Visitor: 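Encoded as structure tokens, here's the structure I'll be asking about.
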Amino acid sequence: MSDVKNLVACKNCKSLFDSVELKASGQTTCKYCNSPLTKDWQGYLAIVDFEKSEIAKTMGISKNGMYALKVR
């Protein structure tokens, strides 16, 4: 992942994406759930083993990756 300043979050699943990479590929919505993206998010966490992670279970995360804690 690149600089945190370049990250955007999905308003639905809270996945984080590099806005520069998305712009280059022409993607304007979330790769996973096709929801809108926003730069208005706070905090992030990395899930490396969602099956064993209590945080992932609590947040409803079902795949490894970077996620925003709060999305507006």
Side-chain angles (χ1 to χ4, degrees):
M1 280 250 156
S2 69
D3 188 15
V4 174
K5 295 176 188 176
N6 292 330
L7 297 178
V8 292
C10 173
K11 288 186 173 187
N12 182 45
C13 70
K14 299 184 180 182
S15 295
L16 288 172
F17 303 99
D18 185 332
S19 62
V20 175
E21 290 178 12
L22 288 176
K23 191 173 185 178
S25 69
Q27 185 88 27
T28 58
T29 58
C30 178
K31 294 178 183 180
Y32 305 123
C33 66
N34 209 29
S35 293
L37 302 170
T38 181
K39 289 185 177 184
D40 194 8
W41 60 274
Q42 290 181 324
Y44 65 94
L45 68 128
I47 301 294
V48 292
D49 189 353
F50 74 91
E51 293 174 333
K52 294 181 181 177
S53 171
E54 291 297 320
I55 294 172
K57 289 175 189 170
T58 300
M59 291 183 66
I61 295 171
S62 60
K63 62 178 78 167
N64 297 334
M66 296 285 289
Y67 293 89
L69 295 174
K70 184 176 182 180
V71 178
R72 287 184 225 118

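Note that the coordinates shown come from a computational prediction; the quantities given were computed from them, not determined experimentally.
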Visitor: Give the C-alpha distance, both sets of side-chain angles, the deciding distance and a yes or no for side-chain contact (heavy atoms from CB on, under 4.5 Å) between Cys30 and Cys13.
Guide: CA-CA 9 Å; Cys30 178; Cys13 70; 3.7 Å; yes
Visitor: Group every Ile, Leu, Val, Met, Phe, Trp and Tyr by side-chain heavy-atom contacts under 4.5 Å, then state whether Val4 and Met66 land in the same group.
Guide: yes
Visitor: With no hydrogens and no angle check, is any side-chain donor or acceptor of Thr58 less than 3.5 Å from a backbone partner on Glu54?
Guide: yes
Visitor: Tell me, please, whether Phe17 has Lys31 positioned over its six-membered ring: NZ or CZ under 6.0 Å from the ring centre and within 45 degrees of its axis?
Guide: no
Visitor: Check the pair Leu37, Thr28 against side-chain contact (heavy atoms from CB on, under 4.5 Å), reporting the backbone distance first and the verdict last.
Guide: CA-CA 7 Å; Leu37 302 170; Thr28 58; over 6 Å; no
Visitor: So for atom CD1, which belongs to Ile55, do other residues, nucleotides or ligands contribute more than 12 heavy atoms lying within a distance under 6.0 Å?
Guide: no
Visitor: Do Tyr67 and Phe50 have their ring centres less than 6.0 Å from each other?
Guide: no
Visitor: Does Asn6 offer a backbone N or O that forms a donor-acceptor pair with the side chain of Ser19 under 3.5 Å?
Guide: yes
Visitor: Start with the C-alpha gap between Leu69 and Trp41, add the side-chain angles, then the distance that decides, and say whether side-chain contact (heavy atoms from CB on, under 4.5 Å) holds.
Guide: CA-CA 8 Å; Leu69 295 174; Trp41 60 274; over 6 Å; no
Visitor: Distance check, rounded to the nearest 0.5 Å: Lys57 atom NZ versus Glu51 atom CD?
Guide: 9.0 Å
Visitor: Any side-chain heavy atom of Val8 sitting closer than 4.5 Å to one from Leu16?
Guide: no
Visitor: Go through the steps for Glu21 and Lys23 under the test side-chain contact (heavy atoms from CB on, under 4.5 Å), then give the verdict.
Guide: CA-CA 5 Å; Glu21 290 178 12; Lys23 191 173 185 178; over 6 Å; no
Visitor: Any heavy-atom pair between the side chains of Lys14 and Lys70 that's under 4.5 Å?
Guide: no
Visitor: Check Ser53 against Ile47 and note the closest heavy-atom contact, atom names and distance.
Guide: OG-CD1, 3.9 Å
Visitor: Working to the nearest 0.5 Å, report the span between CG of Leu7 and OG of Ser15.
Guide: 11.5 Å
Visitor: Thr29 and Asn34: side-chain hydrogen bond (donor to acceptor under 3.5 Å, both in side chains), yes or no, with the steps?
Guide: CA-CA 5 Å; Thr29 58; Asn34 209 29; 2.6 Å; yes
